[in-house]
Amino acid sequence: MHTPPMAGLSPEERQSVWRTLKSPRLLKTEVLAGLVVALALIPEAIAFSLIAGVDPRIGLFASFTMAVSIAFLGGRPAMISAATAATALIIAPLVKSHGVDYFIAAVILAGIFQVILGILGVAKLMRFIPRSVMVGFVNALGILIFTSQLPELIDVPWLVYPLTIAGLLVIYLLPRLTKTVPAPLVSIVLLTAAAIVFALNVPTVGDKGELPQSLPSLFIPNVPLTFETLQILFPFALGMAIVGLLESLMTAKLVDDVTDTHSDKPRESWGQGAANIITGFFGGMGGCAMVGQTMINVKASGARTRISTFLAGVFVLILAVALGDIVAQIPMAALVAVMIFVSVATFDWHSIKPSTLRMMPKSETIVMLVTVIFTVATHNLAVGVGVGVLAAMVLFASRVAHLVTVTRTVEEHFGEQIAKYEVNGELFFASSNDLYTQFSYAEDPGHIVIDMYNSHLWDASTIAALDSITEKYAKYGKTVEIEGLNTASLKMRERLGGKLGGGH
């Protein structure tokens, strides 16, 4: 049975794709965007292959299969997925220790893990990533994209510098004259023509490694199907799956913000997994979403649909296999100029303005800086975002903990003195630990009332704290009455009260 080419798309996406296909102006934007992305992908795919210690063809084939697959399977239109440095670094040790077959098997297993995580709803965890972490993620990306170009600017012929500057001038000034053709593409073409015509001795794409001479073919990794093999593959595959998903979902959220559109994060999760499985069976090194190339596609070139993603993959294959001799002559300075432009465009400059820093709560700025520092230091976006989220949680917990207040009054009812405590605020592990210390156990009369009407019990730590308070008063021979608990808090206390042990 024939499946329509857009059967997996939502009605809105189908309409968007059809509208683009029927509009020469919109289609040209998508086609040219895909071409620019492909030109930027080729040297990076080769470089990532070298990082992983494999043949450049493995990275190039991965960029082709990942982009084409995710164009149909992914949940974020116009986002680019291909071979990436993050995934290459994680599974590179496997190549050295066990060879390429185990490497490819790990890619396939990582894809399976991503499909499972996508089905289990891991994308829902994105809502727990604060804005300050997202800003730190974006800024760290801008820094990493820029620093990744520095090797191309160090210990190179002096002609590289004027070429790079000329490329940046074209990228920045051309849009003031016309936006008919993407400025990065014009910059690449002009600099390549200049390098060829004047026979400039500068590093080129061809210097990165040999381009493939044939199309990718089906590849079945030759590994024994045993538990021992699974033990070897498991840590590498799981690490690649988690890092790849995190980068992809964060990039999808970034594109959502840039384009003011919504994307299907659960679909993106399992789509990334399916794309990695397909890539592995075609001998590719796998990957995930690429922020730099995505920003070239969306921000620099104005692409908005899956067409650009699909064509980026197709162009990688055509340029690498059919036009490899021409592509090999592109000066790296041309691509460096494009990536520097992307790094500047990616960085959130508003977030570091003095006026913004004065206005922003210090805790938000700290979280942003922590995310940037750990991401840049480790060159691992997953580590940076993880530490940033942890810092945000700690700062939030400490801030909320101080919002709990306990007010003590002593009243007399029918000749009996009663100490009444009013507790206001949210009680959880951070705030409930201090609750125990805010009562006058020795000075209070024999009857104590704790009014919880304006508070809520969130966890077992709070129940344990209340148990400790009542036990402490009991040692003094005093009785405690707790009133005003809402329904949820009352049920939790009835279920856990007196059963947690320990006390103070």
Side-chain angles (χ1 to χ4, degrees), residues 124-125 127-133 358-368 370 386-504:
K124 294 177 182 177
L125 297 176
R127 68 178 183 269
F128 294 107
I129 297 180
R131 181 188 176 278
S132 52
V133 174
R358 284 195 299 270
M359 176 182 63
M360 197 66 64
K362 289 182 180 179
S363 59
E364 299 275 321
T365 303
I366 291 171
V367 169
M368 186 265 285
V370 165
V387 173
V389 170
L390 183 62
M393 290 170 58
V394 171
L395 290 170
F396 173 77
S398 62
R399 189 166 66 249
V400 172
H402 295 302
L403 296 179
V404 174
T405 59
V406 178
T407 306
R408 176 181 182 267
T409 57
V410 178
E411 304 172 356
E412 188 167 327
H413 288 272
F414 304 105
E416 179 190 15
Q417 280 196 329
I418 297 175
K420 186 172 183 179
Y421 290 86
E422 290 187 13
V423 182
N424 291 271
E426 305 300 306
L427 293 169
F428 62 110
F429 63 91
S431 56
S432 60
N433 287 335
D434 294 333
L435 186 65
Y436 176 83
T437 63
Q438 299 192 49
F439 291 82
S440 303
Y441 299 100
E443 293 82 4
D444 282 341
H447 189 186
I448 295 90
V449 175
I450 302 177
D451 184 358
M452 310 287 289
Y453 183 80
N454 293 317
S455 62
H456 184 90
L457 313 185
W458 285 104
D459 58 12
S461 297
T462 307
I463 304 300
L466 288 177
D467 287 346
S468 298
I469 292 167
T470 55
E471 288 171 12
K472 181 79 169 180
Y473 274 116
K475 290 178 181 178
Y476 283 95
K478 301 173 183 180
T479 59
V480 177
E481 179 184 349
I482 298 176
E483 63 181 23
L485 287 172
N486 58 39
T487 304
S489 300
L490 185 60
K491 286 182 178 179
M492 181 182 288
R493 186 160 191 265
E494 289 174 349
R495 187 171 69 252
L496 299 176
K499 301 175 184 176
L500 296 174
H504 281 264

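These numbers come from a predicted model, not from an experiment. Only heavy atoms go into these numbers, but all of them, side chains included; no hydrogens, no water, no symmetry mates.
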Evaluate the side-chain hydrogen bond (donor to acceptor under 3.5 Å, both in side chains) criterion for residues Asp467 and Tyr436: first the C-alpha distance (whole Å), next the side-chain angles of each, then the deciding distance (0.1 Å), finally the verdict. CA-CA 10 Å; Asp467 287 346; Tyr436 176 83; over 6 Å; no
Exceeds 12 heavy-atom contacts within 6.0 angstrom, atom CZ of Arg131: no
Decide if atom OH of Tyr441 counts as having more than 12 heavy atoms of other residues, nucleotides or ligands within a radius under 6.0 Å. yes
Please determine whether side-chain contact (heavy atoms from CB on, under 4.5 Å) holds for the pair Thr487 and Leu490, giving the CA-CA distance in whole Å, both sets of side-chain angles, and the decisive distance to 0.1 Å. CA-CA 5 Å; Thr487 304; Leu490 185 60; 5.8 Å; no
Contact between [X] and [Y] at the side-chain level, heavy atoms closer than 4.5 Å - yes or no?
{"X": "Glu483", "Y": "Val449", "value": "yes"}
{"X": "Leu485", "Y": "Arg493", "value": "yes"}
{"X": "His447", "Y": "Gln417", "value": "no"}
{"X": "Asn424", "Y": "Ser455", "value": "no"}
{"X": "Phe439", "Y": "Ile450", "value": "yes"}
{"X": "Ile448", "Y": "Lys478", "value": "yes"}
{"X": "Glu416", "Y": "His413", "value": "no"}

Could you tell me the separation between the [atom1] atom of [X] and the [atom2] atom of [Y], rounded to the nearest 0.5 Å?
{"X": "Asp459", "Y": "Met492", "atom1": "CG", "atom2": "CE", "result": "7.0 Å"}
{"X": "Thr407", "Y": "Gln438", "atom1": "OG1", "atom2": "CD", "result": "9.5 Å"}
{"X": "Glu364", "Y": "Phe396", "atom1": "CD", "atom2": "CZ", "result": "11.0 Å"}

What residue among Leu427, Val423, Leu457 forms side-chain contact (heavy atoms from CB on, under 4.5 Å) with Leu466? Leu457
Work out which heavy atom in [X] is nearest to a heavy atom in [Y]; give both atom names and the distance.
{"X": "Ser132", "Y": "Val367", "value": "OG-CG1, 3.2 Å"}
{"X": "Ala391", "Y": "Val370", "value": "CB-CG1, 4.2 Å"}
{"X": "Tyr421", "Y": "Ser440", "value": "OH-N, 3.0 Å"}
{"X": "His456", "Y": "Ser489", "value": "ND1-OG, 3.5 Å"}
{"X": "Val133", "Y": "Val389", "value": "CG2-N, 3.8 Å"}

Is there a side-chain contact (heavy atoms from CB on, under 4.5 Å) between Met452 and Ile482? Walk through the geometry before answering. CA-CA 7 Å; Met452 310 287 289; Ile482 298 176; 3.7 Å; yes
Among side-chain atoms of Asp444 and Tyr473, is any donor-acceptor pair under 3.5 angstrom? yes
Applying side-chain contact (heavy atoms from CB on, under 4.5 Å) to Asp451 and Lys420, what does each step give before you reach the verdict? CA-CA 7 Å; Asp451 184 358; Lys420 186 172 183 179; 4.1 Å; yes
Step by step, work out the side-chain contact (heavy atoms from CB on, under 4.5 Å) result for Val410 and Ile418. CA-CA 6 Å; Val410 178; Ile418 297 175; over 6 Å; no
